[in-house]
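Since the structure comes first, as structure tokens, the remarks are kept for the end.
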Amino acid sequence: MDNLEIAKIFYRIANILEIKNENTFKIRAYRKASEVIENLTQNINKLYEENKIKSIPGVGKGIAEKINELIETGKLKYYEDLKKEVPESLLEIMNVAEIGPKTAALLHEKLKIDSIGKLKDAVLKHKISKLPGMGEKTEKNILKGIELLKKTNQRIPLYEAMDLAEKIVAQLEKLKEVKKVSIAGSLRRMRETIGDIDILIASGSPKKVTDKFISLQFVKEVLSKGATKSSVLTNEARQVDLRIVAEESFGAALHYFTGSKEHNIKIRELGIKKGLKINEYGIFTPLDLPAKIWQVGIKNKNYDLSQYFKNKDKKCSHIKCKLRSDDMSELSLTGFKKDKRQEKMIGGEQEKDVFDSVGLPFIPVELREDRGEIEAGLENNLPKLIAIEDIRGDLHVHSNWSDGSNTVREMAQAAKSRGYEYVCICDHSKSLVVARGVKEEDFLRRVRQIREVDKKMKGIKVLVGSEVDIDFEGRLDYPEKLLKELDIVIASVHMGLKQPRKKLTKRIINAMESGLVDIIAHPTGRLLGEREAYEIDFEEIFKTAKETGVILEINSHPKRMDLNDINARAAKEKGVKLIINTDSHNTMHLDWLKFGIAVARRAWLKEEDVVNTYPLEKFLKSLKERK
DNA sequence: GCCGTTTTCGGCCCGACTGTTTTCAGTCG
């Protein structure tokens, strides 16, 4: 059982417990464990062997025992028993908008609904509106939700969402009521796929902005519309959420709306420890509490503060104070959030205010996933992330010698105009016929032609390479004699993607151990939304990459983004060198670099972790040293 | 179910919108 499989089981357990109306914190514990395991850069089986399961944050005695059981037996009795009470197909209906755990439980109990098919049937027969708490509108919304699910059950790839969001932002920027506008949510964090598009606006006239927003041309349907928050569906059936706040709250709102949810929770928990309340409107502190309250509070764990508030009416009696330490650095006020009259805002115009208030440095958006960034920040140990300007060359671009649409010269010129010091033309090898792979008889002619271009080009070094296929048995697609003519050999798998994990791993390892390969391109072969990654043993791949000095690629092609963030981070931690290439097939594709950089930043990579940040001499030297 | 810079008990983020209700539960992010 690997990390993802185990994470999935805990995720499902959380959903079942939710339907069973279990303790919400227990549910949160399972959900948290699921997320942590999914984001782990180490193989959980290895942690098991080393007896380190309990060292995983969010995993205590109970969940650790369940992980052990899963690894030892491949099964979990607790989970099997839960499934008997709540059929798994019932979890499916929670994917329908408007249906959460409570509604699912109700539908299951009263109408024996346990699938989307039966749900639709019940709607059409108007059985749902007769249930308590349900009405005609709910029934209609459920039907709409079912239809919408068919259209939007897939997350949008990052590039598609970015394109749409930028167009919407451009329209919103034109409105005179709009003071500030920003993309937020997972899109701002540059996740590889996006659920819906979040946009934040600062404005003094939220109502006017909302009205204009919902009447923009791309809007097909309004899903909800309130004073400050509205959701619409685009013509392509994509959801766009708009939130409007005052300018003074823009920073806090941007932080909150950017997330991730888990990151936000941790930040707010830090706030609580400091006696602060952090929400999307700002950072707040209790107002005008006389010093003696703190002293009283120390003696009495829970103390009714109402008598000390300005408004001494009964409505304050719900405010209780609990002091956690005598220096006032940690206290919590229960009920405080319900009484806004006593608050004092101490920040929130800038996103930085939020981090300042809890003693953190500014955390780059790509890191905000609760993958250790808060702990690292508290220790002042955040990495200085790689930036797009750090890249000095693109080592994986195609020309019209194979399936690219531009000439060598045009590709080189385009790379130069982007300020690169070097570029490597890597066309496909002979076996990849669909991509017009370069035949052996053309091989040397191509090398000579690229060398010619290099001689004539000023201001950029044009290197000769090839993207060489790894065949079904792990052999390279050209003989050694030809490969030695090249500056760079990139090896990749394009065929036999469905071979078993062991075999695929061995093929890639063979290529790395040949002594002829510099880079492994798109190591997992996935195409977002089209093709799953093929299965390989990352532990083995990283180990061999480290031993042989072969570089692993982060491919910037927006459908690939391969390695992904988690694997790239794991590779770096194992001491593997990485490279960010675009796999361009025309000059425009060179702009894809931003997606590769996004992956690298989400993987916590620094400039020195990525070899194409090196100046040309150092880059070439590093290749030679390896050989 | 997890966790602890006084805690092994008693906490656990915070708010908007909708629909069905006459004050709030459910859902969502």
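Note on naming: letters A, B, ... go to the chains in the order of the sequence lines (proteins, then strands), and numbering restarts at 1 for each one. Just so it is clear, the values below take in all heavy atoms, side chains as well, and ignore hydrogens, waters and symmetry mates.
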Pick the [atom1] atom in [N] and in [M], then give their distance to the nearest Å.
N	M	atom1	value
dT8(B)	dC2(B)	C1'	12 Å
dT7(B)	dC12(B)	C1'	14 Å
dC3(B)	dC13(B)	P	14 Å
dC14(B)	dT20(B)	P	30 Å
dG1(B)	dT6(B)	P	28 Å
dG26(B)	dT22(B)	P	14 Å
dT21(B)	dT27(B)	P	15 Å

Side chains of V358(A) and I278(A): does their closest heavy-atom pair fall under 4.5 Å? yes
For DNA chain B, find the residues of residues 64-92 of chain A with a heavy-atom distance under 4.0 Å and give them by number; none if there aren't any. K66(A)
No-H, no-angle donor-acceptor pair, Y256(A) side chain to dG15(B) base, under 3.5 Å: no
Between [X] ([atom1]) and [N] ([atom2]), how many Å, whole number?
X	N	atom1	atom2	answer
L223(A)	dG29(B)	CG	C1'	14 Å
I142(A)	dG26(B)	CD1	C1'	12 Å
K261(A)	dC12(B)	NZ	P	16 Å
E269(A)	dT5(B)	CD	C1'	16 Å
M134(A)	dA25(B)	CE	C1'	11 Å
K229(A)	dC14(B)	NZ	P	17 Å

Any side-chain N or O of [X] less than 4.0 Å from the OP1 or OP2 oxygen of [N]?
X	N	value
Y281(A)	dC13(B)	no
T138(A)	dT20(B)	yes
R268(A)	dG15(B)	no
T103(A)	dT27(B)	yes
K277(A)	dG15(B)	yes
N264(A)	dC13(B)	no
N141(A)	dT18(B)	no

Strictly by modelled atom types, are D241(A) and Q239(A) linked by a side-chain donor-acceptor pair under 3.5 Å? yes
Hey, are E72(A) and Y48(A) close enough side-chain-wise for a donor-acceptor pair under 3.5 Å? yes
Closest non-hydrogen atoms of E373(A) and L382(A), given as atom of the first, atom of the second and distance, are O-CD2, 3.5 Å
Tell me whether the count of non-hydrogen atoms from other residues, nucleotides or ligands lying under 6.0 Å of CG in D81(A) goes above 12. yes
Closest nucleotide among [options] to the [X] side chain:
X	options	result
R243(A)	dA16(B), dT18(B), dG29(B)	dA16(B)
Q239(A)	dG26(B), dG29(B), dC14(B)	dG29(B)
A29(A)	dG29(B), dA16(B), dG1(B)	dG1(B)
P101(A)	dC12(B), dA16(B), dT27(B)	dT27(B)

F355(A) vs H263(A) aromatic rings, parallel, tilted or perpendicular, using cut-offs 30° and 60°? perpendicular
Counting only N and O atoms by type, is there a donor-acceptor contact under 3.5 Å from the side chain of E177(A) to the main-chain atoms of L175(A)? no
Candidate list N380(A), D356(A), L378(A), test side chain to side chain contact (heavy atoms under 4.5 Å, CB included), partner P361(A), passing option: N380(A)
By nearest heavy atom, map S230(A) and N95(A) onto DNA chain B; which one lands nearer the 5' end? S230(A)
Starting at NZ of K54(A), measure out to CG of N51(A) and round the result to the nearest 0.5 Å. 11.0 Å
What is the base-pairing partner of dT8(B), counting Watson-Crick and G-U wobble geometry with both distances under 3.5 Å? none
